[in-house]
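Below is one structure, written out as structure tokens; comments come after it.
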Amino acid sequence: MVRRVLIVGGGIGGLSAAIAIRQHGDEVDVVERYPDAHASVFGVGIIQPINALRALDSLGCAQACIDAGYPAKAWGAMYDHAGNFVRDIHGTPIVSSTLPPMNGVTRPKLHEILTARAVEVGVRIRYSTAFEHLEQHEAGVLVTLEGGETVTADVVVGADGVRSKVRAHVLDGELQPRYIGQSAYRQNMPGLAEIDRIILQDGPTGMAGFVPIGPDLAYMFFNKQMDRDARPATAELPAALRAELKGFGGLAARFRDEFLSDDPADIVLRPEESLIAPAPWHKGRVVLMGDAVHAITPHLGQGAAQAIEDGVVLGEVLGAHDDLGVAFAEFTERRYERCKLIVETSLNIGEWEMGRLPDFDNVAATMHVLKVMAQPI
């Protein structure tokens with residue numbers, strides 16, 4: 001039986017689901033409210049842990065990401081604020097896999113790769129097309145798009161992000177992500193030789209880090225505790241970030257003195273939000289995935305990875321079961337605890353960075369998650 005599947009949202013998760021579901025034989029349409037493949041891309045770079053690469057490999061995209069990015073030989077390392085080495089963070093290999101522990105790639109390049117693969121396998125993508133409403137019927141779902149156009153589908157996938165409009169048709173409409181009290185600065189910088197894995201520097205006012213995302217490109221991030229309404233004005237971002245890095249030595253000092261841009265447009269500052277929706281993640285013919293049900297703070301680099309895994313598993317269960325209730329129940333069963341671990345551990349690392357969990361071992365917690373993520377999805 002060939003179904004018609006409509007995916008709301010053409011981001012990382014939506015495109016991954018589109019590829020996976022199409023590869024299992026169903027007809028797939030994606031509606032994306034932004035005007036093109038790159039308009040919805042926020043931020044600078046993506047961390048791709050080995051579990052993300054495994055999932056991408058099943059979609060036919062892993063090698064393209066590795067070729068376009070920076071395949072690291074190790075996951076990461078911790079340094080103190082002065083730049084002194086503290087400890088390694090070894091990744092966990094996947095048995096019988098030759099994939100690297102971590103690959104870094106730019107967000108636009110990842111979207112380009114996923115979009116090209118989706119088109120190659122026969123996914124239809126409509127841009128500048130926003131979802132408005134849906135009505136479930138015994139024989140299908142009637143979906144109303146912005147402007148009044150209606151389409152019908154056998155299955156609707158809500159991959160429309162943390163502010164999901166589809167979510168209200170499955171879960172309590174009041175469910176919203178929580179700001180954790182921390183925001184992240186990010187800026188691209190040259191790919192210095194010493195940035196050959198994720199480099200973390202624990203400083204006096206926050207956590208600085210460096211991620212390679214190409215042969216000659218990296219990005220710097222700084223996780224800063226702040227009230228949500230205390231965000232610096234856009235014009236003040238360079239000065240604010242420079243002030244935060246004042247007490248650092250090592251790589252952070254070099255970034256501050258040599259590479260920190262005076263152009264506010266080069267600096268991204270985004271709030272860190274968290275959400276884990278209660279199970280089940282489906283209702284009738286509608287299922288949710290990605291940030292719509294598990295918004296993950298960036299502390300483990302697993303947000304995109306979990307969205308990609310969602311897409312792969314959704315393709316597998318729809319390919320294996322004619323009964324949608326059985327398929328979606330298996331999807332939630334396979335995904336819920338895995339995503340919950342990521343959400344909660346990422347929150348704990350954020351709490352530790354903000355001084356609220358002084359006895360927490362962030363390296364041990366990271367290693368535990370990497371070990372679990374290396375297990376089958």
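Because only heavy atoms are used, hydrogens play no part in the values below, and waters and symmetry mates are left out as well, while side chains stay in. Bear in mind that the values here come from a model prediction, so they are computed numbers and not experimental data.
For the atom pair CG (Asp160) and CD (Glu32), the distance works out to 9.5 Å, reported to the nearest 0.5 Å. A distance of 10.5 Å separates CZ in Arg270 from OG in Ser183, rounded to the nearest 0.5 Å. The structure places OG1 of Thr115 at 13.0 Å from CZ of Arg117, a figure rounded to the nearest 0.5 Å. A distance of 11.0 Å separates OG in Ser164 from CE in Met289, rounded to the nearest 0.5 Å. The CD1 atom of Ile19 sits 6.0 Å away from the CG atom of Leu15 when rounded to the nearest 0.5 Å. Ile267 contributes atom CD1, which lies 12.0 Å from atom CD of Glu236 (distance to the nearest 0.5 angstrom).
Arg338 and Gln375 form no side-chain donor-acceptor contact under 3.5 Å, judged by distance and modelled atom types alone. Side chains of Glu353 and Asn362: no donor on one and acceptor on the other come within 3.5 Å.
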Ignoring hydrogens and angles, write down the donor-acceptor pairs under 3.5 Å from the side chains of residues 60-76, residues two or more places apart or on other chains.
from  : atom 1 : to    : atom 2 : distance (Å)
Gln63 : NE2    : Asp67 : OD1    : 2.8

Just distance, no hydrogens or angles: give the donor-acceptor pairs under 3.5 Å from side chains in residues 318-326, sequence neighbours left out.
from   : atom 1 : to     : atom 2 : distance (Å)
His321 : NE2    : Glu330 : OE1    : 2.7
Asp323 : OD1    : Gly325 : N      : 2.8
Asp323 : OD1    : Val326 : N      : 3.2

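Looking only at side-chain heavy atoms (C-beta outward), Arg54 and Ile377 come within less than 4.5 Å of each other. Under the 4.5 Å side-chain criterion, counting only non-hydrogen atoms from C-beta, Glu27 is not in contact with Val5. Here the side chains of Val30 and Arg126 are not in contact, with every heavy-atom distance at 4.5 Å or above. Using a 4.5 Å heavy-atom cutoff, the side chains of Glu316 and His24 are in contact. Contact annotation: the side chain of Pro232 approaches that of Leu269 to within less than 4.5 Å [non-hydrogen atoms, C-beta and beyond]. Between Asn188 and Ile213, the closest side-chain pair of non-hydrogen atoms falls below 4.5 Å. Looking at heavy atoms from C-beta onward, Pro238 lies in side-chain contact with Pro264 at the 4.5 angstrom threshold. Counting heavy atoms from C-beta outward, Val123 and Val119 have side chains that stay 4.5 Å or more apart.
Nearest heavy atom pair, residue Asn348 against residue Leu357, reads O-CD1, 3.6 Å. The two residues Ala52 and Ala305 come nearest to each other via the heavy atoms CB-CB, 3.5 Å. The two atoms that bring Leu245 and Ala252 nearest to each other are CD1-O, 4.2 Å, heavy atoms only. Counting all heavy atoms, side chain and backbone alike, Arg163 lies closest to Pro177 at NH1-CG, 2.6 Å.
Panel note: side chain Arg33, backbone Gly10; no donor-acceptor pair is recorded below 3.5 Å. Distance alone, capped at 3.5 Å, is enough to place a donor-acceptor pair between the Gln187 side chain and the Phe259 backbone. Judged purely by atom type and a 3.5 angstrom limit, Arg285 uses its side chain to pair as donor or acceptor with the backbone of Glu138. Although no hydrogens or angles enter the test, the distance criterion places no donor-acceptor pair under 3.5 Å between the side chain of Asn223 and the main chain of Met207. For Ser58 (side chain) and Leu56 (main-chain N/O), no donor-acceptor pair under 3.5 Å exists by modelled atom type. Listed for the Asp80 side chain is a donor-acceptor partner under 3.5 Å among the backbone atoms of Ala82. In this structure, the side chain of Arg167 does not engage the main chain of Gly158 through any donor-acceptor pair within 3.5 Å.
For the side-chain contact (heavy atoms from CB on, under 4.5 Å) with Tyr79, the qualifying choice from Asn84, Ile199, Leu200 is Ile199, the only one to do so. When each of Leu192, Val105, Asn103, Ile195 is paired with Pro212, the side-chain contact (heavy atoms from CB on, under 4.5 Å) condition holds for Ile195 and for no other.
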(request) Check the pair Gln302 / Asn51 against side chain to side chain contact (heavy atoms under 4.5 Å, CB included), numbers first and verdict last. (result) CA-CA 9 Å; Gln302 283 282 347; Asn51 58 294; 3.0 Å; yes
(message) The test is side chain to side chain contact (heavy atoms under 4.5 Å, CB included); show your working for Asp154 and Val141 and say whether it passes.
(response) CA-CA 6 Å; Asp154 298 306; Val141 186; over 6 Å; no
(message) Run Arg107 and Glu112 through side chain to side chain contact (heavy atoms under 4.5 Å, CB included) and show every step you take.
(response) CA-CA 9 Å; Arg107 285 176 178 265; Glu112 179 183 313; over 6 Å; no
(request) Might you work through the side chain to side chain contact (heavy atoms under 4.5 Å, CB included) test for Leu275 and Val293, ending with a clear yes or no? (result) CA-CA 7 Å; Leu275 168 74; Val293 280; 5.9 Å; no
(request) Could you walk me through whether Arg87 and Asp361 pass the salt bridge (charged side-chain N to carboxylate O under 4.0 Å, His left out) test, one step at a time? (result) CA-CA 12 Å; Arg87 59 197 294 198; Asp361 188 335; 3.2 Å; yes
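Using a 4.0 Å cut-off between a side-chain N of Lys or Arg and a carboxylate O of Asp or Glu, Glu244 and Lys224 qualify as a salt bridge. In this structure, Arg4 pairs ionically with Asp29, as a charged nitrogen and a carboxylate oxygen lie closer than 4.0 Å. Electrostatic pairing of Glu309 and Arg334 does not count as a salt bridge here, judged by no charged N lying under 4.0 Å from a carboxylate O. Note on Glu273 versus Arg228: salt bridge recorded, some NZ/NE/NH1/NH2 to OD/OE distance being below 4.0 Å. For Arg22 and Glu120, the salt-bridge test fails: no basic side-chain N is under 4.0 Å from an acidic carboxylate O. In summary, Arg335 and Asp310 engage in a salt bridge, as defined by a charged side-chain N under 4.0 Å from a carboxylate O.
A search for ring pair (Phe, Tyr, Trp, His ring centres under 6.0 Å) contacts involving Tyr219 returns nothing, not counting sequence neighbours. By the ring pair (Phe, Tyr, Trp, His ring centres under 6.0 Å) test, Tyr336 pairs with Trp281, sequence neighbours left out. For Glu272, the side chain to side chain donor-acceptor pair (under 3.5 Å) partners at least two apart in sequence or on another chain are His299. Judged as a side chain to side chain donor-acceptor pair (under 3.5 Å), and not counting sequence neighbours, Thr144 has no contacts.
The hydrophobic clustering, which links ILVMFWY residues whose side-chain heavy atoms are closer than 4.5 Å, places Ile125 and Ile113 apart. Hydrophobic cluster membership differs between Val44 and Leu260, with clusters built from Ile, Leu, Val, Met, Phe, Trp and Tyr side chains linked at under 4.5 angstrom. With hydrophobic clusters built from ILVMFWY side chains whose heavy atoms lie under 4.5 angstrom apart, Leu145 shares a cluster with Leu134. In this structure, Phe210 is not a member of the same hydrophobic cluster as Ile198, with clusters built from ILVMFWY side-chain heavy atoms closer than 4.5 Å. Clustering ILVMFWY residues whenever any of their side-chain heavy atoms sit less than 4.5 angstrom apart, transitively, puts Phe248 in a cluster other than the one holding Met78.
Classification of the Phe360-Trp352 ring pair by plane angle, with boundaries at 30° and 60°, yields tilted. Ring geometry for Phe131 against His169 counts as perpendicular: the plane angle is over 60°, on a 0 to 90° scale with 30° as the lower cut. Phe328 and His282 have tilted rings, their planes meeting at an angle from 30° to 60° on a 0 to 90° scale.
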